[in-house]
Amino acid sequence: MAAARMIIVVAATWVVLTALPLAPSALPASWQYYVYSPASVGLWMLAMLFGPVIMVFRRWNWIRHG
């Protein structure tokens, strides 16, 4: 059961992080460069790698005990 909860936490984190790049499409066109700059994309990629690990540690109590 703990493995299933861990998969849920990781999948939910990736869904949120995947949806975030779509949100700035409502912003003015002049902001597009800053949102999609190489630094922002690099930070997003790091968040895709380390975000699930951080969330598993934060939600560890729920993962283990429900």
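Below, all heavy atoms of this structure are taken into account, side chains as well, without hydrogens, waters or symmetry copies.
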Give the table of side-chain donor-acceptor pairs shorter than 3.5 Å for residues 4-21, with sequence neighbours excluded, one pair per line with atom names and distance.
| unit_1 | atom_1 | unit_2 | atom_2 | d |
| --- | --- | --- | --- | --- |
| Thr13 | OG1 | Val9 | O | 2.8 |
| Trp14 | NE1 | Met48 | O | 3.0 |
| Thr18 | OG1 | Trp14 | O | 2.6 |

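The two atoms that bring Gln32 and Pro24 nearest to each other are NE2-O, 3.3 Å, heavy atoms only. Minimum heavy-atom separation, Ala47 to Pro52: O-CD, 3.7 Å.
Tyr34 belongs to a hydrophobic cluster whose remaining members, ordered by chain and number, are Tyr33; membership requires side-chain heavy atoms of ILVMFWY residues under 4.5 Å apart, directly or through intermediates. Taking Ile, Leu, Val, Met, Phe, Trp and Tyr as members and joining any whose side-chain heavy atoms lie under 4.5 Å apart, directly or through other members, the hydrophobic cluster of Phe57 also contains Val53.
Annotation: side chain to side chain donor-acceptor pair (under 3.5 Å) contacts involving residues 39-59, sequence neighbours excluded, comprise Ser37-Ser40.
At a threshold of 4.5 Å between side-chain heavy atoms, the hydrophobic network of Ile, Leu, Val, Met, Phe, Trp and Tyr places Val41 and Leu43 in two separate groups.
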